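Within every chain, numbering begins at 1; the chains are lettered A, B, ... in the order of the sequence lines, protein sequences first and strands thereafter. Computed from a predicted model, the values in this text were never measured in an experiment.
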Number of protein chains: 2
Amino acid sequence: MRIGELSRRTGVSVRSLRYYEEQGLLSPVRRPSGYREYGEGDVTTVRAIRLMLAAGLNTATIAELLPCMVEDGELLTPACSGMLPDLHRERERLNDAVAELLAARDVLDSIIAATAPAPDGDLVCPVSPGRSA
Amino acid sequence: MRIGELSRRTGVSVRSLRYYEEQGLLSPVRRPSGYREYGEGDVTTVRAIRLMLAAGLNTATIAELLPCMVEDGELLTPACSGMLPDLHRERERLNDAVAELLAARDVLDSIIAATAPAPDGDLVCPVSPGRSA
DNA sequence: TTGGACTCTGACATTGGCGTGAGAGTCAAT
DNA sequence: ATTGACTCTCACGCCAATGTCAGAGTCCAA
């Protein structure tokens with residue numbers, strides 16, 4: 001099938017499909033005209049890509065992981081345990097990111113806590129974009 | 001003081017200080033030569049900026065919040081309760097971001113769970129950057 | 001054969017807080 | 001006056017995935 005159909009069947013934009021190829025995630029055959037020709041398996045692959053992107057992995061990491069996966073019906077499943085360290089590393093990164101955000105939230109909470117409810121010294125603040133003085 | 005000293009006293013790069021001014025967070029006086037002249041209060045302000053940046057706020061939001069803060073010794077404290085809605089909105093964003101990351105982690109976990117420990121069909125995967133075949 | 005739908009390659013735009021370098025002017029001590 | 005440290009204003013680079021335009025070629029049904 002051509003790129004338009006793959007796009008329709010996966011819900012992924014044509015632009016993104018071309019980008020995935022550029023990143024080495026897809027390798028469609030080329031017709032003499034230059035048109036990309038995709039196989040049925042690419043539908044499954046694209047779904048796997050979206051899944052991993054949703055999991056916070058970047059295209060470079062996905063490019064390393066993809067060749068380690070095999071088709072299992074409608075979905076792509078990891079086929080070599082060698083992937084596990086990478087996967088766990090990614091998990092670590094996600095945990096770190098969460099921890100960072102929670103720390104940021106704590107900082108914000110302390111700022112909020114330091115804001116007086118509305119005693120007497122409450123100032124009337126300038127409207128949003130007006131740094132005149 | 002000039003920008004170099006402020007940089008040293010706050011640990012913030014000269015580039016960042018100029019950037020903060022560009023974003024309307026600082027307004028140093030200019031000498032006839034064009035040199036920026038900062039006051040003592042700017043040290044406190046820069047610290048407040050870093051604190052809020054660390055809390056995940058962007059410069060646009062900080063620009064709105066800064067004029068609402070007053071010096072309280074070594075630190076800048078929110079002075080008008082009108083800030084609270086903004087602050088809580090930011091908190092919401094952080095919570096949403098955390099939720100998103102946790103969802104991503106769940107997706108990753110399901111991928112990890114689908115990876116066979118190391119039965120027999122385990123494949124030897126290509127080394128990292130080698131998408132040759 | 002014509003035309004509308006589709007596809008191609010390239011390349012700039014987006015978001016945000018900086019790093020970094022170029023080329024030129026300023027300040028202060030010697 | 002010289003020198004060395006400091007500062008100034010541009011302005012491009014980065015990271016990531018995608019939107020979007022432009023100009024040109026392709027496919028296929030009527």
Task: Salt-bridge criterion met for A:Asp96 and A:Arg93 (N-O under 4.0 Å) - done: no
Task: First of B:Ser13 and B:Arg2 reached from the 5' end of DNA chain C, by closest nucleotide - done: B:Ser13
Task: Closest-nucleotide 5' rank along DNA chain C - winner of B:Tyr35 and B:Leu57 - done: B:Leu57
Open item on the list: Between C1' on C:dC8 and CD1 on A:Ile3, what's the gap in Å once rounded to a whole number?
Closed with: 10 Å
Open item on the list: Rounding to an integer number of Å, can you tell me how far B:Tyr19 OH sits from C:dT15 C1'?
Closed with: 10 Å
TODO: For A:Asp86 and A:Met83, indicate whether the former's side chain and the latter's backbone hold a donor-acceptor pair under 3.5 Å.
DONE: no
Task: Heavy-atom neighbours of A:Glu21 CD exceed 12 at 6.0 Å - done: yes
- [ ] Measure from CZ on A:Arg15 to C1' on C:dC6 and round the result to the nearest Å.
- [x] 17 Å
TODO: For the pair B:Glu71 (side chain) and B:Leu76 (backbone), establish whether a donor and an acceptor sit closer than 3.5 Å, ignoring hydrogens and angles.
DONE: no
Open item on the list: Between A:Ser7 (side chain only) and A:Val12 (backbone N and O only), is there a donor and an acceptor less than 3.5 Å apart?
Closed with: yes
TODO: Count the heavy atoms belonging to other residues, nucleotides or ligands that lie under 6.0 Å from CD of B:Gln23, then report whether that count exceeds 12.
DONE: yes
Task: Nucleotide of C:dT26, C:dC8, C:dG19 approaching B:Ser33 most closely (side-chain heavy atoms) - done: C:dT26
- [ ] Tell me which of A:Asn58 and B:Arg18 sits closer to the 5' end of DNA chain D, going by the nucleotide each one is nearest to.
- [x] B:Arg18
Open item on the list: Distance check needed: C:dG17 C1' versus B:Leu51 CG, whole Å only.
Closed with: 17 Å
Task: Main-chain N/O of B:Thr45 paired to B:Asp42 side chain as donor or acceptor, under 3.5 Å - done: no
Open item on the list: With heavy atoms of chain B within less than 4.0 Å as the criterion, where does contact along DNA chain D begin and end?
Closed with: D:dC6 to D:dA11
- [ ] Starting from P on C:dG16, measure out to CE on B:Met52 and report it in whole angstrom.
- [x] 17 Å
TODO: Would you kindly give the CD-to-P distance between B:Glu37 and C:dT26, to the nearest whole Å?
DONE: 16 Å
Task: Length of the line joining B:Leu53:CG and C:dG16:P, which is rounded to integer Å - done: 12 Å
Task: Nearest-angstrom distance from the residue atom CD of B:Glu22 to C1' of C:dG19 - done: 14 Å
- [ ] Kindly say if B:Thr59 contacts the phosphate of C:dG17, meaning a side-chain N or O under 4.0 Å from OP1 or OP2.
- [x] yes
Open item on the list: Among C:dC27, C:dC18, C:dC12, which nucleotide has an atom closest to any side-chain atom of B:Arg50?
Closed with: C:dC18
TODO: Report yes or no: is there a donor-acceptor pair, N or O only, under 3.5 Å between the side chain of A:Arg36 and the base of C:dT7?
DONE: no
